[in-house]
Amino acid sequence: MKKLNIEYIVNSIGGEFIQGNTELEIKGVSIDSRTINSKELFFAIVGEKNDGHHYIDMAVKNGASAVIVDRIVETNDNITVIKVEDTTQALQELARSYRELLRDLKVVAITGSAGKTSTKDMIASLLQVKYKIKKTRGNLNNFYGLPLTILEFNGDEEVAVLEMGMSALGEIDLLSSIAKPDIAVITNVGETHLETLGSIENVAKGKSELIAALPDEGIAVLNYDNDYVRDMKKVFKGQQVVYYGLSPEADIYANDIINGSSNSIKFSIHYQNENVNLKLDRPGRHNVYNALSAVAVARLLDLSWQNIKEGFSQVEYSALRWDVKRTDNDITIINDTYNANPLSMKAVVDAICSMQGERIVVTLGAMLELGNREKDAHLELGQYLKDKQVDTLITVGETASIIADGAENAGMGTNKIKRIEDNQKALIYLNNYLKPGDILLVKGSRGNKMEEIVKGLLD
């Protein structure tokens with residue numbers, strides 16, 4: 001972060017200076033008292049489970065020079081204290097003000113029900129061939145993470161690649177008002193966060209807030225093959241829309257898709273009378289979609305096809321998304337445990353079924369936050385699995401067992417289905433069941449912590 005003085009910070013967040021040094025220069029911000037560094041500003045965030053005000057002393061001990069609070073606190077007289085009404089809102093306001101200082105920064109924003117993190121990783125990898133870029137770290141894509149990401153910029157970045165997540169209406173609009181995107185990418189719309197959003201139509205409405213926030217000169221990059229995304233052109237006030245997909249009617253499309261013999265996929269890509277063959281080191285048609293949107297952004301920002309091929313050869317993907325490990329006894333484990341919804345589950349199942357192995361073993365946990373759609377969505381996933389080349393379906397937990405019910409009701413043999421109560425029992429079972437040459441997929445929503453299974457198998 002560029003150095004900011006206390007006066008600038010107070011004015012940016014509408015705060016009240018309580019004590020300290022108005023000429024103090026801050027070189028970073030944090031909401032974590034454990035990792036804060038010297039001369040950084042600590043925001044005492046009040047969350048659902050923790051209140052940052054309880055950790056102010058730890059933050060000061062670890063080097064914090066100033067703190068943002070929503071109440072008067074007792075602390076070291078040498079520490080600068082600024083009081084605000086809401087510390088989370090203050091963090092967002094500071095990021096919004098700081099973004100205004102980054103006048104030459106071009107922002108590419110990505111959202112969608114599935115694939116946004118992998119898409120972000122692909123776009124960042126392509127663009128860094130030509131530009132100095134910064135991308136969202138991990139999954140810092142919410143109303144805490146995005147402001148923190150922007151406040152990390154030191155001012156010499158040329159392009160920011162920012163992921164935006166949501167669980168309620170208005171959240172993407174808030175994030176967009178902070179980031180001020182120039183290019184927006186929507187990967188897809190599916191059944192996610194229905195517990196809070198209520199319907200897939202509301203999911204689409206929430207995602208479309210990113211398109212509505214674009215300036216007149218902004219560019220919308222939309223998935224042509226997803227009806228909800230294609231219709232987002234209606235809320236776009238600008239002129240330039242780039243559609244991508246597998247349909248030849250899209251502005252940039254792919255065909256001749258061939259799954260490699262291992263963890264890869266090849267396809268031909270067509271854009272403005274140009275035809276180019278590309279290869280990804282990850283299988284699955286969903287990754288072709290991710291790659292298409294990445295190529296669209298790259299071409300809009302004047303990257304050559306050689307630049308693009310170089311970028312795809314060195315993508316650094318975020319953790320717990322199609323993380324491939326091979327054990328000493330030649331078992332391939334696909335760790336895709338970061339999160340799950342009906343759209344992403346089906347996409348990853350399709351991808352693993354395209355791979356060559358002794359047996360395809362699918363171990364699935366529950367898809368959370370589906371509200372009234374919970375039972376039907378799990379039953380439908382089981383029905384979907386019945387027609388796939390899955391040798392063994394293992395479900396973990398009570399809710400996930402509904403997937404097994406759906407598969408069994410659809411006609412999958414009971415000898416191919418195993419219902420297990422929890423992660424530890426699943427680990428024990430898999431340790432005894434797997435054999436050399438098997439390919440194992442482990443996937444479930446974040447709350448299931450199914451990476452515990454993967455860790456146990458690798459240990």
Side-chain angles (χ1 to χ4, degrees), residues 114 190-192 194-195 320 322-323 325 327 329 331-355 357-459:
E191 295 178 312
T192 56
L194 295 184
E195 199 168 64
L320 307 183
W322 199 268
D323 187 5
K325 302 292 184 183
T327 66
N329 57 341
I331 296 168
T332 300
I333 301 174
I334 311 295
N335 181 356
D336 205 280
T337 58
Y338 186 80
N339 219 335
N341 58 53
L343 193 63
S344 67
M345 279 284 206
K346 292 175 182 177
V348 172
V349 166
D350 287 347
I352 195 171
C353 288
S354 71
M355 298 175 67
E358 189 68 27
R359 295 180 301 181
I360 301 295
V361 181
V362 175
T363 301
L364 304 179
M367 300 177 289
L368 304 179
E369 300 182 41
L370 291 178
N372 294 333
R373 278 282 296 156
E374 180 179 86
K375 181 177 180 181
D376 287 344
H378 286 83
L379 285 172
E380 289 166 9
L381 177 58
Q383 294 164 2
Y384 187 81
L385 285 162
K386 185 263 177 183
D387 293 324
K388 299 298 172 179
Q389 300 301 313
V390 173
D391 295 286
T392 306
L393 167 63
I394 300 169
T395 61
V396 183
E398 183 178 357
T399 302
S401 69
I402 303 172
I403 302 171
D405 296 341
E408 189 173 336
N409 294 343
M412 182 181 283
T414 56
N415 62 317
K416 299 175 66 174
I417 301 171
K418 179 71 176 179
R419 299 171 176 84
I420 300 180
E421 290 84 357
D422 56 46
N423 289 348
Q424 189 58 37
K425 291 180 180 178
L427 172 60
I428 294 170
Y429 180 82
L430 286 166
N431 263 322
N432 292 316
Y433 178 74
L434 295 172
K435 63 183 181 181
D438 284 350
I439 298 176
L440 168 69
L441 169 67
V442 183
K443 186 170 179 63
S445 283
R446 184 86 295 271
N448 300 310
K449 298 181 179 179
M450 295 187 72
E451 68 273 12
E452 295 173 348
I453 299 172
V454 177
K455 184 178 185 300
L457 291 170
L458 294 175
D459 288 345

Pairwise distance [atom1]([X]) to [atom2]([Y]) - rounded to 0.5 angstrom:
X	Y	atom1	atom2	result
I439	M355	CD1	CE	4.0 Å
L364	H378	CG	NE2	9.0 Å
L427	D459	CG	CG	9.0 Å
L434	T327	CG	OG1	8.0 Å
T399	K375	OG1	NZ	12.0 Å
T192	L194	OG1	CG	6.5 Å

What closest approach, in Å, do [X] and [Y] show between heavy atoms, and which atom pair accounts for it?
X	Y	result
I417	A407	CD1-CB, 4.2 Å
A404	L393	CA-CD2, 4.1 Å
S445	A340	OG-O, 3.1 Å
A426	I453	CB-CD1, 3.9 Å
Y433	R359	O-NH2, 2.9 Å
C353	K388	SG-CB, 3.9 Å

Side chain to side chain donor-acceptor pair (under 3.5 Å) partners of D387, counting only residues at least two apart =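 By the side chain to side chain donor-acceptor pair (under 3.5 Å) rule, D387 matches no residue at all.
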task = Can you sort out the partners of E191 under side chain to side chain donor-acceptor pair (under 3.5 Å), two or more places apart, ordered by chain and number?
result =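 Testing E191 for side chain to side chain donor-acceptor pair (under 3.5 Å), a comparison that skips the adjacent residues, returns R373.
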side-chain contact (heavy atoms from CB on, under 4.5 Å), paired with [X], selected from [options]:
X	options	answer
N335	L440, L457, D323	D323
V361	T332, D391, I394, I352	I394
V362	V390, I334, V442, T392	V390

Donor-acceptor pair, side chain of [X] and main chain of [Y], under 3.5 angstrom:
X	Y	answer
D438	E358	no
R446	T337	yes
D336	L441	no
N448	M450	no
K443	T363	no

Taking the side chain as every heavy atom from C-beta outward, state whether [X] and [Y] have any pair of such atoms under 4.5 Å apart.
X	Y	value
P342	L370	yes
Q383	N409	no
Y384	D350	yes
Q389	I360	no

ask   = Heavy-atom count around N372 CG within 6.0 Å, excluding the residue itself: above 12?
value =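 Atom CG in N372 is not packed in, count stays at 12 or less.
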note = Applied to residues 410-419, the side-chain hydrogen bond (donor to acceptor under 3.5 Å, both in side chains) test, sequence neighbours excluded, yields D405-R419, E408-R419
